[in-house]
*Asks:* 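Sharing a structure here in structure tokens format.
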Protein chains: 2
Amino acid sequence: MKTDSTEDRMVDEDTSDAGGDEIREHRTVRWRRGTSSEVEEQIAVEEPLEIRLAGRRFTLTMRTPGHDEDLAAGFLFAEGFINDASELDEIRRVRGRKGAPDPNAIDIILNVPAEGLRARLKRNFVISSSCGVCGKTSIDSILRRVAPAPDSARVEPATLLALPEKLRAGQRVFAATGGLHGAAIFTLDGTMLALREDIGRHNAVDKVIGHALTNAMVPLTHQIMMVSGRLSFEIVQKAAAAGVPILAAVSAPSSLAVELADEIGTTLVGFLRDDSFNIYSRPDRVTAS
Amino acid sequence: MKTDSTEDRMVDEDTSDAGGDEIREHRTVRWRRGTSSEVEEQIAVEEPLEIRLAGRRFTLTMRTPGHDEDLAAGFLFAEGFINDASELDEIRRVRGRKGAPDPNAIDIILNVPAEGLRARLKRNFVISSSCGVCGKTSIDSILRRVAPAPDSARVEPATLLALPEKLRAGQRVFAATGGLHGAAIFTLDGTMLALREDIGRHNAVDKVIGHALTNAMVPLTHQIMMVSGRLSFEIVQKAAAAGVPILAAVSAPSSLAVELADEIGTTLVGFLRDDSFNIYSRPDRVTAS
């Protein structure tokens with residue numbers, strides 16, 4: 001895959017390489033214990049990104065700027081529009097009228113025959129519009145395109161318990177603004193491989209999956225994914241598409257997230273904080289050594 | 001507006017009248033301080049809802065069951081597909097093959113001429129697809145359909161500081177599962193008028209706006225809206241459509257949320273918790289008496 005972005009595409013060691021575009025200052029009245037003062041408050045940036053396919057608008061998403069290539073690649077892969085990195089031919093920044101790159105548009109050239117692409121678009125927009133997905137039908141369709149993660153993946157409870165602090169420590173934009181979700185990939189012994197932040201929970205997951213995809217790390221069959229918030233159906237679906245066997249979150253899963261994880265054999269860990277966690281499905285992958 | 005639902009449509013006094021459909025039990029392995037045990041864990045329900053217009057699929061959203069009529073009405077209104085409650089002719093439960101109501105589908109008959117409706121659908125899907133909205137263009141378009149909230153609305157800091165506890169106390173499903181967002185409407189002196197919960201933040205807002213719309217409370221020009229999470233662009237947009245002058249949240253706003261609030265004159269309050277809060281726009285509405 002070629003890209004004309006100057007963005008750093010190396011594997012992050014332990015932090016998000018978030019830049020200045022993610023934070024904006026805003027004059028704010030702060031009220032504390034009965035007195036008010038004016039301060040410059042740091043706010044997480046939210047801007048629309050238009051994702052085009054060969055020049056035509058494909059989708060529009062509100063996101064935090066930065067790692068747009070990861071977001072686009074991860075979205076297309078996690079939602080089943082592309083099957084692997086070889087189908088991503090090129091990711092281009094779109095030029096605005098004055099020739100400067102448009103910060104809020106990106107164009108993707110796929111390496112997929114037009115006919116095959118049409119069928120995929122049709123299939124995916126039926127079962128998984130951006131508004132959501134339709135229960136049982138959707139689970140069946142996901143089952144068809146997801147390879148079961150290998151049963152050999154194992155994690156120790158102590159490794160899981162150490163993940164929230166590592167995630168939090170790496171969330172630079174969250175630390176400044178209190179306003180961003182995070183998603184990270186770890187090895188089975190708890191080493192962080194990549195972390196992405198975004199105002200949208202799904203976007204943070206798409207970004208980290210896109211990073212993994214374009215760095216030949218997919219399928220993530222011997223990795224753990226952890227997210228900062230809750231586990232919805234869509235997050236489980238995206239992690240499954242990337243082959244993740246163990247998916248953990250700081251907060252609660254939904255009923256449909258648990259149902260899907262049960263069906264496809266993902267180990268789902270929730271309320272991972274302080275000295276405890278819950279395992280909702282496939283607890284056999286969590287074992288003390 | 002007629003409805004054949006048996007759901008209670010009275011104004012809630014101080015709690016969400018959430019029913020049993022919102023919580024499901026699931027056998028879970030709980031790990032606490034080095035030991036594991038099996039428990040029945042309560043999980044927030046997530047199911048798809050298909051919203052139809054005169055029998056044709058209009059949109060599909062993942063939501064927590066309950067108050068589906070509020071959700072559909074609020075969504076259509078907050079996104080600009082209907083202008084007021086008189087344009088909602090009927091909300092019907094869809095019957096499944098065996099004649100029983102389909103729990104995950106709802107059909108709406110609008111009281112809008114076909115031609116006018118087509119124009120609205122076209123306009124709204126251009127500027128506000130379910131994936132998001134497009135910055136400046138969208139702000140302009142929202143400005144055109146939003147009447148400025150009156151400058152006479154005022155709230156005391158002490159009233160704001162008391163809201164988070166009232167919101168939390170009313171969130172019954174959250175209390176059981178830890179997995180739901182909440183949105184509530186309060187009078188300017190802090191009396192809760194309605195509260196809705198949902199797995200999706202936007203849905204909780206749509207539900208409470210739908211409740212207000214179908215109970216002749218809109219425009220909410222002398223009310224406060226409070227949400228449990230963060231403030232995105234879309235939440236500000238929805239509150240503005242309902243005429244809300246003061247919008248508060250437990251957590252952070254995004255840059256585009258602040259920008260929109262600035263333009264349309266909404267008082268935006270964030271990080272409202274414990275003994276403090278921030279005011280990002282129109283601080284003049286917050287005054288000690």
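Proteins come first, then strands; the chains are lettered A, B, ... in the order of their sequence lines, and each starts at number 1. Just so you know, these numbers use all the heavy atoms, side chains as well, and skip hydrogens, waters and symmetry mates.
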*Asks:* By a 4.5 Å heavy-atom criterion (distance strictly below it), what part of A:Ser251 contacts chain B: side chain, backbone, both, or neither?
*Replies:* side chain
*Asks:* Holding to side-chain hydrogen bond (donor to acceptor under 3.5 Å, both in side chains), I want the full list of residues that pass it with A:Arg63, two or more places apart in sequence or in another chain.
*Replies:*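 Per chain and number, A:Arg63 pairs via side-chain hydrogen bond (donor to acceptor under 3.5 Å, both in side chains) with A:Asp68, A:Asn104.
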*Asks:* Spell out the residues in residues 35-44 of chain A that have some non-hydrogen atom less than 4.5 Å away from a non-hydrogen atom of chain B, in order of number; otherwise answer 'none'.
*Replies:*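 Residues of residues 35-44 of chain A touching chain B at under 4.5 Å: A:Glu41, A:Ile43, A:Ala44.
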*Asks:* Please identify, among B:Glu46, B:Arg33, B:His26, the residue contributing the most non-hydrogen atom pairs under 4.5 Å to chain A.
*Replies:* B:Glu46
*Asks:* Taking side chain as everything from C-beta outward and backbone as N, CA, C, O, which of these in B:Ser232 sits under 4.5 Å from a heavy atom of chain A? Side chain, backbone, both or neither.
*Replies:* both
*Asks:* With only heavy atoms counted, which part of B:Arg230 is less than 4.5 Å from chain A, the side chain, the backbone, both or neither?
*Replies:* side chain
*Asks:* Could you list the residues that satisfy salt bridge (charged side-chain N to carboxylate O under 4.0 Å, His left out) with A:Arg154, not counting sequence neighbours?
*Replies:*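 A:Arg154 satisfies salt bridge (charged side-chain N to carboxylate O under 4.0 Å, His left out) with no residue once adjacent residues are dropped.
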*Asks:* Rounded to the nearest 0.5 Å, what's the gap from OH on A:Tyr280 to CG on A:Leu268? Could you check?
*Replies:* 8.0 Å
*Asks:* As an exercise: rank B:Asp274, B:Ile199, B:Leu180 by heavy-atom pairs under 4.5 Å with chain A and give me the winner.
*Replies:*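 Of B:Asp274, B:Ile199, B:Leu180, B:Leu180 has the most heavy-atom pairs under 4.5 Å with chain A.
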*Asks:* For the pair B:Phe58 and B:Phe81, name the ring-plane relationship: parallel under 30°, tilted 30 to 60°, perpendicular over 60°.
*Replies:*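 Perpendicular.
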*Asks:* Restricting to side-chain hydrogen bond (donor to acceptor under 3.5 Å, both in side chains), what partner residues turn up for A:Thr266, sequence neighbours left out?
*Replies:* none
*Asks:* Based on non-hydrogen pairs under 4.5 Å, which of A:Pro253, A:Pro283, A:Ser254 is most in contact with chain B?
*Replies:*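 Option with the greatest count: A:Ser254.
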*Asks:* Using 0.5 Å steps for rounding, measure from the CG atom of B:Leu53 to the CD1 atom of B:Ile106.
*Replies:*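 Here the interatomic distance stands at 11.5 Å.
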*Asks:* Between B:Ser281 (side chain) and B:Val258 (backbone), is there a donor-acceptor pair under 3.5 Å?
*Replies:* no
*Asks:* Just so I understand: if I count every heavy-atom pair under 4.5 Å between each of B:Arg30, B:His202, B:Arg32 and chain A, which residue has the most?
*Replies:*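 Answer, by heavy-atom pair count under 4.5 Å with chain A: B:Arg32.
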*Asks:* For the residue pair B:Asn203 and B:Thr64, establish whether any side-chain heavy-atom pair is separated by less than 4.5 Å.
*Replies:* no
*Asks:* Between B:Asp151 and B:Arg282 (salt bridge meaning N to carboxylate O under 4.0 Å), is one present in this structure?
*Replies:* yes
